[in-house]
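Before any comments, here is the structure.
It should be emphasised that the depicted structure is a prediction, and the values quoted were computed from it without experimental measurement. What you see below is based on every heavy atom in this structure, not just the backbone, and it leaves out hydrogens, waters and symmetry mates.
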Amino acid sequence: MNQDARDKIIKARVALQKTHPFFSYLALHLAPIETTEIPTMGVDKRGNMWYNPEFVNKMDQEEVKGVVCHEIMHVALEHLKGLKGKDAQVSNVAMDIVVNDIIIENGLKLPIEGIIASGHEVTINGNIKIKEVNKKCWEIIYAELEKKLPKKKSGSYGFDEHTHGDGNEEGEGGGKGDGDKDG
């Protein structure tokens with residue numbers, strides 16, 4: 001086990017008690033579990049928060065705090081339900097847009113690689129704009145993305161190399177748990 005990464009997550013949860021008690025309360029119900037089977041972090045419906053120690057160690061403490069809140073919001077907003085029949089990557093991107101907007105609105109910091117809205121507007125693939133993110137649920141954003149994104153021959157959608165949300169192109173279930181993981 002990588003103790004440095006685990007300590008950063010614990011410190012983030014403690015720091016949230018002072019600055020964001022709502023997020024802190026929810027964070028206490030997630031069980032951090034180290035894995036190298038996913039590139040970043042993710043949660044499952046059982047309340048497990050999977051984390052790759054290499055990803056955690058690359059972030060500063062404030063970013064870890066923001067990413068812990070990001071994972072909390074996937075659970076709080078019940079993002080692990082209602083995915084049947086939807087493209088996993090488009091779903092994850094739509095959910096990340098909503099969650100990250102909430103995180104930024106609450107004054108928390110996220111890694112620069114994330115899909116981060118500015119003024120409640122986000123641009124995907126350099127030219128697809130989603131406006132008024134703060135007024136939309138992920139399903140509405142999903143429908144907008146589905147209409148605007150190019151489709152590949154394989155039937156999947158064409159995201160540029162920087163649009164990964166949590167880096168999990170396979171969608172939910174980056175390895176551990178019950179296959180219902182979201183990052």
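The nearest pair of heavy atoms linking P150 to N125 is CD-ND2, 4.4 Å. Contact between I124 and V93 at its shortest, heavy atoms only, is CD1-CG1, 4.2 Å. The two atoms that bring L108 and G66 nearest to each other are CB-CA, 4.3 Å, heavy atoms only. In terms of heavy-atom proximity, T35 sits nearest to I38 at CG2-CG1, 3.7 Å. When all heavy atoms of P111 and I116 are compared, the closest pair comes out as O-CD1, 3.4 Å. Contact between V64 and A12 at its shortest, heavy atoms only, is CG1-CB, 3.8 Å.
Taken to the nearest 0.5 Å, the CG atom of L80 stands 9.0 Å off from the CD atom of E78.
Looking only at distances, a side-chain donor or acceptor of S91 sits under 3.5 Å from a matching main-chain atom of D87. Judged by distance alone, with hydrogens and angles left aside, the side-chain atoms of K148 form a donor-acceptor pair with the main-chain N or O of K129 at under 3.5 Å. The backbone N or O of A88 sits nowhere less than 3.5 Å from a side-chain atom of N92 that would complete a donor-acceptor pair. A distance-only check finds a donor-acceptor pair linking the side chain of D60 to the backbone of E62 [under 3.5 Å].
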Inset, instruction - Check step by step if side chain to side chain contact (heavy atoms under 4.5 Å, CB included) holds for N106 and H20. - result: CA-CA 8 Å; N106 279 279; H20 296 83; 4.2 Å; yes
Inset, instruction - For the pair L77 and I102, evaluate side chain to side chain contact (heavy atoms under 4.5 Å, CB included) and give the outcome as yes or no after the intermediate values. - result: CA-CA 11 Å; L77 296 173; I102 292 168; 4.0 Å; yes
Inset, instruction - Step by step, work out the salt bridge (Lys or Arg N to Asp or Glu O under 4.0 Å) result for K86 and E146. - result: CA-CA 10 Å; K86 291 184 172 52; E146 199 173 38; over 6 Å; no
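Using the six-membered ring where Trp is involved, Y142 and W138 have ring planes that are perpendicular, over 60° apart on the 30 and 60° scheme.
The side chain to side chain contact (heavy atoms under 4.5 Å, CB included) with Y51 is formed by just one residue from the set T40, N2, V56; it is V56.
A continuous path of Ile, Leu, Val, Met, Phe, Trp and Tyr side chains, each step under 4.5 Å between heavy atoms, connects V98 with F22, placing both in one hydrophobic cluster. Neither V14 nor Y25 shares a network with the other; the hydrophobic side chains, linked directly or stepwise wherever heavy atoms of I, L, V, M, F, W or Y lie under 4.5 Å apart, form separate groups for each.
Shown here is E54, whose CD atom has no more than 12 heavy atoms of other residues, nucleotides or ligands within 6.0 Å.
Each salt bridge (Lys or Arg N to Asp or Glu O under 4.0 Å) pair with one or both residues in residues 3-16, not counting sequence neighbours, would appear here, but there are none.
A salt bridge does not link K58 to E63: none of the charged side-chain nitrogens sits closer than 4.0 Å to a carboxylate oxygen.
Side-chain polar atoms of D96 and N100 form no donor-acceptor pair below 3.5 angstrom.
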